[in-house]
Amino acid sequence: MGRQSYFKALIICLMALLGSSQAQLQLGFYAKSCPNAEKIIFNYVADHIPNAPSLAAALLRLHFHDCFVNGCDGSVLVNSTQNNQAEKDSIPNVTLRGFGFIDTIKSLIEAECPGVVSCADILALTARDSIQTIGGPYWNVPTGRRDGLISRAADPLVSLPAPFHNLTVQLTLFGNNGLDVNDLVVLAGAHTIGVAHCSTISTRLYNFTGKGDTDPSLDSEYATNLKTLKCKNINDVTTLVELDPGSHDTFDLDYYKQVVKRRGLFQSDAALLTSSTTRSIITTQLQSTEGFFAQFAKSMEKMGRIKVKVGTEGEIRKQCARVNS
Ligand code: HEM
Ligand SMILES: *[C@@H]1O[C@H](CO)[C@@H](O)[C@H](O)[C@H]1NC(C)=O
Ligand SMILES: *[C@@H]1O[C@H](CO)[C@@H](O)[C@H](O)[C@H]1NC(C)=O
Ligand SMILES: *[C@@H]1O[C@H](CO)[C@@H](O)[C@H](O)[C@H]1NC(C)=O
Ligand SMILES: CC(=O)N[C@H]1CO[C@H](CO)[C@@H](O)[C@@H]1O
């Protein structure tokens with residue numbers, strides 16, 4: 001190889017390296033291309049979440065559902081079309097909320113710098129800022145995610161944990177996304193906020209083994225309360241139950257306190273008591289709110305990196321509910 005072509009090759013290698021180092025998430029990815037983006041999101045959240053704190057839970061869950069299905073690529077935000085049933089129209093979605101909130105923030109950002117900031121990043125930042133606004137943990141959100149082109153109704157059923165999943169299944173689904181048992185127990189701590197529909201626990205309350213029975217792993221006093229005051233029959237699909245009764249808008253340790261009292265709402269919550277590893281991770285969280293927040297922040301940052309699309313992959317959607325055509 002001649003000296004010149006040697007240098008040419010070297011330069012090409014260096015450029016490739018540079019290219020690949022740019023093609024990953026970084027803090028403040030939009031600092032030059034849309035310097036106000038993160039501020040616009042933060043201000044909108046700070047203006048609106050205090051009046052509607054329950055939306056913080058919805059937005060966090062939306063980010064989780066986005067990341068677990070085809071990676072954090074905004075695919076959860078896409079509307080179905082004549083030719084495509086999107087993730088939104090799949091069973092686990094039925095109760096997702098907050099789409100309008102994201103769409104509004106997207107339009108504010110598009111007005112400032114069109115075609116620059118991805119919906120996946122907007123969702124990740126909005127979830128983080130919403131939780132911070134209700135007094136929960138703060139975590140780093142490196143940005144640079146690109147929006148996916150695909151959103152299929154069949155995928156959430158396969159990728160997302162369900163309320164009736166045991167620990168083994170939950171660990172597998174988290175493992176598929178590079179998350180471990182610690183991440184599972186820590187992120188399940190998100191159930192310290194928000195609500196669930198009676199449909200998610202009707203079998204647990206009324207027909208656990210198909211004999212009209214109640215799941216014996218659920219505290220019996222709590223089960224009775226739920227049946228007499230909340231989910232009054234097996235066909236009730238609309239009534240809402242707090243995941244963490246009494247403090248469903250407060251991000252605290254109460255979820256873990258409920259779980260150890262056998263009052264976790266879902267079988268998936270109760271399942272966290274079925275191994276000594278998960279029990280000991282719960283005990284660790286219960287030692288301090290600061291400790292839990294720090295771990296939650298770490299696991300959220302990890303979750304936010306699941307199978308992200310970067311560089312020239314995917315696209316920057318113009319509207320979050322529609323793939324560009
Ligand atoms: C570990 C497996 C998990 C299962 C089986 C699960 C399941 C569920 C179910 C069934 C609901 C109730 C939906 C409804 O009926 O409206 C729910 C709500 C919620 N989940 Fe999870 N989840 C899991 C993990 C997570 C994670 C990792 C997060 C976030 C980091 C999260 C955040 C939430 C929040 C905030 C709500 C309340 C939503 C609202 O108030 O609208 N969950 N979850
Ligand atoms: C967990 O659930 C899966 C799927 O239903 C089942 O195959 C497995 O045996 C269960 N594991 C345990 C430990 O119960
Ligand atoms: C309870 O489960 C059994 C077995 O799956 C089913 O045959 C029965 O119809 C269920 N009962 C109700 C009230 O849904
Ligand atoms: C997506 O669907 C929602 C609810 O039906 C609707 O309000 C919104 O305008 C749609 N957005 C797009 C871009 O089609
Ligand atoms: C929020 C949302 O898009 N919900 C949809 C979930 O899927 C069902 C059909 O399975 C639709 O009817 C809901 O509108």
Side-chain angles (χ1 to χ4, degrees), residues 52-68 72 77-82 86 88-89 91-104 106-107 119 124 127-128 130-131 134 136-137 139 151 156 159-174 177 179 181 183-202 204 231 236-244 248-249 251 255 259 264-272 274-275 278 296-297 299-304 306 317-325:
S54 80
L55 213 47
L59 291 161
L60 179 61
R61 183 163 179 246
L62 212 47
H63 179 37
F64 161 54
H65 280 221
D66 186 27
C67 291
F68 264 60
C72 316
L77 304 170
V78 172
N79 282 359
S80 291
T81 61
Q82 271 186 342
K88 265 185 195 177
D89 286 308
I91 290 173
N93 84 351
V94 191
T95 50
L96 290 175
R97 304 178 288 137
F99 294 106
F101 200 81
I102 297 295
D103 290 342
T104 304
K106 173 66 170 175
S107 64
C119 295
R128 192 269 312 272
S130 300
I131 297 303
I134 62 163
W139 60 91
S151 177
S159 313
L160 282 167
F164 50 82
H165 280 156
N166 61 29
L167 186 58
T168 316
V169 175
Q170 293 184 67
L171 283 172
T172 303
L173 294 172
F174 273 65
N177 290 311
L179 300 180
V181 62
D183 298 314
L184 168 62
V185 177
V186 166
L187 291 176
H191 289 170
T192 177
I193 53 171
V195 291
H197 293 72
C198 283
S199 49
T200 58
I201 52 167
S202 53
R204 194 170 190 218
C231 309
D236 179 346
V237 292
T238 52
T239 305
L240 295 174
V241 185
E242 296 164 70
L243 292 175
D244 171 9
H248 71 282
D249 280 338
F251 211 101
Y255 165 76
V259 169
L265 196 62
F266 308 131
Q267 278 158 264
S268 59
D269 299 316
L272 302 181
T274 59
S275 90
T278 49
F296 191 82
S299 292
M300 279 306 298
E301 190 177 337
K302 211 166 150 187
M303 189 186 95
I306 295 173
R317 250 176 248 151
K318 294 189 177 76
Q319 296 179 81
C320 293
R322 186 157 56 204
V323 169
N324 298 345
S325 47

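Whatever order the structure lists ligands and atoms in, that order sets their numbers, starting from 1. All heavy atoms count here, side chains included; hydrogens, waters and symmetry mates do not. All values reported here derive from a predicted model rather than from experimental measurement. Position 1 is the first residue of the sequence, and the numbers go up from there.
Closer than 4.0 Å to atom 4 (C) of ligand 4 lies none of the heavy atoms of the protein. The protein reaches atom 11 (N) of ligand 4 closely, with a heavy atom under 4.0 angstrom from it. Distance check on atom 7 (O) of ligand 2: every protein heavy atom falls at or beyond the 4.0 Å cut-off.
Proximity of the aromatic rings of F266 and H165 is defined here by a centroid distance below 6.0 angstrom, and this criterion is not met.
Those atoms of ligand 4 that come under 4.0 Å of a heavy atom in N79, given as number and element, are 1 (C), 2 (O), 3 (C), 8 (C), 10 (C), 11 (N), 12 (C), 14 (O). Taking every heavy atom of Q170 and a limit of under 4.0 angstrom, the matching atoms of ligand 1 come to 1 (C), 2 (C). Interface atoms of ligand 1 facing G194, defined by a heavy-atom separation under 4.0 Å, are 37 (C), 40 (O).
Expressed to the nearest 0.5 Å, how far CZ of F164 lies from CD1 of I201 amounts to 14.5 Å. Between L62 atom CG and D66 atom CG the span is 7.5 Å, to the nearest 0.5 Å.
Nearest heavy atom pair, residue P137 against residue F251, reads CD-CD2, 3.4 Å. Taking each heavy atom of A188 and L272 in turn, the nearest pair found is CB-CD1, 3.9 Å.
If you check which protein heavy atom lies closest to atom 19 (C) of ligand 1, you get R61 CD, 3.3 Å. Taking atom 3 (C) of ligand 1 as the reference point, the nearest protein heavy-atom neighbour is P161 CG, 3.8 Å. When only non-hydrogen protein atoms are considered, atom 15 (O) of ligand 1 lies nearest to H197 N, 2.8 Å. For atom 13 (C) of ligand 4, the closest heavy atom belonging to the protein is Q319 OE1, 3.3 Å. Protein heavy atom closest to atom 35 (C) of ligand 1, with residue, atom name and distance, is A57 O, 3.2 Å. Summary of contacts: the protein heavy atom closest to atom 1 (C) of ligand 2 is N166 ND2, 1.4 Å.
Distances shorter than 4.0 angstrom do not occur between any heavy atom of F68 and any atom of ligand 1. Residue-ligand proximity: H191 is placed with a non-hydrogen atom under 4.0 Å from ligand 1.
Of all the listed residues (R97, E242, M303), R97 holds the heavy atom that lies closest to atom 39 (C) of ligand 1.
A distance-only check finds no donor-acceptor pair linking the side chain of S299 to the backbone of F296 [under 3.5 Å]. Formation of a donor-acceptor pair under 3.5 Å by the T200 side chain with backbone atoms of H197 is found in this model. Remark: the backbone N or O of A86 is not paired with any side-chain donor or acceptor of S151 at under 3.5 angstrom.
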